[in-house]
Amino acid sequence: ITARFMPRKDNILVVSSIFNNAASHVIKKRLQGFNDIIKNEFPKLSVCDEFSYDFSQGTEVDFSIKLKDIIHSHKPAAIYTPDGTLVNIIANAIKGDSIDEDVVLVGHEINSKAEENIKANIITSVISQKPYNQGMDAIKSSYLYLMEKKIPDDSIINADLAIITKEIL
């Protein structure tokens, strides 16, 4: 997805945060999938840097300063973050700087702030599971198992993904 929006087909800055919570497992898996697809299917793309920031050790202002330094140093064509919260923090850091015009920003999870940043052309797109389907599929599968004793065909229920861009909003 990131590559689709990149004006230049070269380097990507990957930005993540260090959290010790339930979401950190999901973020690690997203990073693993991202790195695997770049390595195996997009050999012309490269990760110029992986910036991981520990917000327990610094502020959003400190993060913004370090991020801008890295962007100016590496001049990435795109920034990818697997963290749904961080995509808006990155957008705030680059907003109003010439960076926001030159760099494609792709992240995860849609919310009202991400919608604002997409409409303002700061976030290029977010990849989001459809929350309606997540709720519907979870209760449907639970009901079938608990009430009708039907075991799901698979232990994993894949949720539909949506790629949210300005054109879709």
Side-chain angles (χ1 to χ4, degrees), residues 1-95 97 99-100 102-111 113-115 117-118 122-131 133-134 137-138 154-165 168:
I1 302 304
T2 305
R4 178 177 154 211
F5 295 106
M6 291 173 60
R8 306 184 325 259
K9 304 293 184 199
D10 51 20
N11 60 349
I12 302 169
L13 171 62
V14 177
V15 181
S16 61
S17 55
I18 300 171
F19 287 113
N20 292 321
N21 60 25
S24 62
H25 174 73
V26 171
I27 291 167
K28 286 177 187 173
K29 287 294 190 182
R30 286 177 181 164
L31 275 175
Q32 182 181 5
F34 176 83
N35 286 321
D36 287 349
I37 196 97
I38 292 291
K39 179 179 152 191
N40 297 323
E41 295 189 30
F42 299 102
K44 292 182 181 176
L45 296 178
S46 64
V47 174
C48 62
D49 199 354
E50 290 189 29
F51 173 47
S52 188
Y53 188 78
D54 186 350
F55 282 92
S56 70
Q57 302 295 314
T59 66
E60 194 172 315
V61 172
D62 296 330
F63 167 80
S64 296
I65 292 167
K66 289 179 182 179
L67 177 64
K68 285 182 181 183
D69 286 345
I70 291 169
I71 292 170
H72 288 294
S73 171
H74 290 291
K75 304 208 181 330
I79 300 171
Y80 167 72
T81 181
D83 185 328
T85 303
L86 197 54
V87 71
N88 289 307
I89 296 172
I90 295 167
N92 288 340
I94 66 174
K95 191 182 301 184
D97 195 310
I99 296 168
D100 70 348
D102 299 333
V103 176
V104 170
L105 174 55
V106 176
H108 286 265
E109 308 309 335
I110 192 70
N111 55 45
K113 190 65 179 165
E115 282 187 19
N117 285 317
I118 290 169
I122 299 164
I123 296 175
T124 308
S125 72
V126 293
I127 303 148
S128 184
Q129 294 175 333
K130 295 180 179 176
N133 292 15
Q134 284 180 304
D137 292 342
D154 196 351
S155 62
I156 296 174
I157 300 170
N158 292 314
D160 292 334
L161 292 177
I163 300 167
I164 312 296
T165 63
I168 293 172

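Minimum interatomic distance between S125 and T165 (heavy atoms only, all atoms of both residues): CB-CG2, 3.8 Å. Of all heavy-atom pairs between P76 and I71, the closest is CD-O, 3.5 Å. Summarising the geometry of S56 relative to D54, their closest heavy-atom pair is OG-OD1, 2.5 Å, with the distance given to 0.1 Å. When all heavy atoms of V15 and P82 are compared, the pair lying nearest together is O-CD, 3.4 Å. Taking each heavy atom of S17 and S52 in turn, the nearest pair found is C-OG, 4.1 Å. Taking all atoms of both residues into account, the shortest heavy-atom contact from N11 to K75 is OD1-O, 3.6 Å.
For the pair D62 (side chain) and T59 (backbone), a donor-acceptor distance under 3.5 Å is present.
Checked options I110, V106, N117; the residue passing with V126 is I110 (criterion: side chain to side chain contact (heavy atoms under 4.5 Å, CB included)).
Between N111 and N88 the shortest side-chain heavy-atom distance falls below 4.5 Å. With contacts defined as side-chain heavy-atom distances shorter than 4.5 Å, the pair N35/E50 qualifies. The side-chain heavy atoms of I168 and I118, taken from C-beta on, include no pair separated by under 4.5 Å.
Between L105 atom CG and I79 atom CD1 the span is 5.5 Å, to the nearest 0.5 Å. Taking CD1 of I89 as the reference point, atom CD1 of I94 lies at 13.0 Å (rounded to 0.5 Å). Atoms NE2 and CG, from H74 and D69 in turn, are 10.5 Å apart once rounded to the nearest 0.5 Å. In this structure, L45 CG and I12 CD1 are separated by 4.5 Å, a value rounded to the nearest 0.5 Å. Here CG of L86 is found 4.0 Å from OG1 of T81. Values are rounded to the nearest 0.5 Å.
Under the 30°/60° scheme for interplanar angles, the aromatic rings of F34 and Y80 are found to lie parallel. Ring geometry for Y53 against F55 counts as perpendicular: the plane angle is over 60°, on a 0 to 90° scale with 30° as the lower cut.
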### Task
Just do the side chain to side chain contact (heavy atoms under 4.5 Å, CB included) check on E109 and V87 with the steps written out, would you?
CA-CA 9 Å; E109 308 309 335; V87 71; over 6 Å; no

### Query
Between I123 and I164, does a side chain to side chain contact (heavy atoms under 4.5 Å, CB included) hold up when you go through it step by step?
CA-CA 10 Å; I123 296 175; I164 312 296; over 6 Å; no

### Task
Show your working on side chain to side chain contact (heavy atoms under 4.5 Å, CB included) between N92 and E60 and close with a plain yes or no.
CA-CA 10 Å; N92 288 340; E60 194 172 315; 4.0 Å; yes

### Query
Do H72 and K68 pass the side chain to side chain contact (heavy atoms under 4.5 Å, CB included) test, and can you show the C-alpha distance, the side-chain angles, and the key distance before you say yes or no?
CA-CA 6 Å; H72 288 294; K68 285 182 181 183; 4.2 Å; yes

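Contacts of Q129 classified as side-chain hydrogen bond (donor to acceptor under 3.5 Å, both in side chains), with partners at least two apart in sequence or in another chain: Q134.
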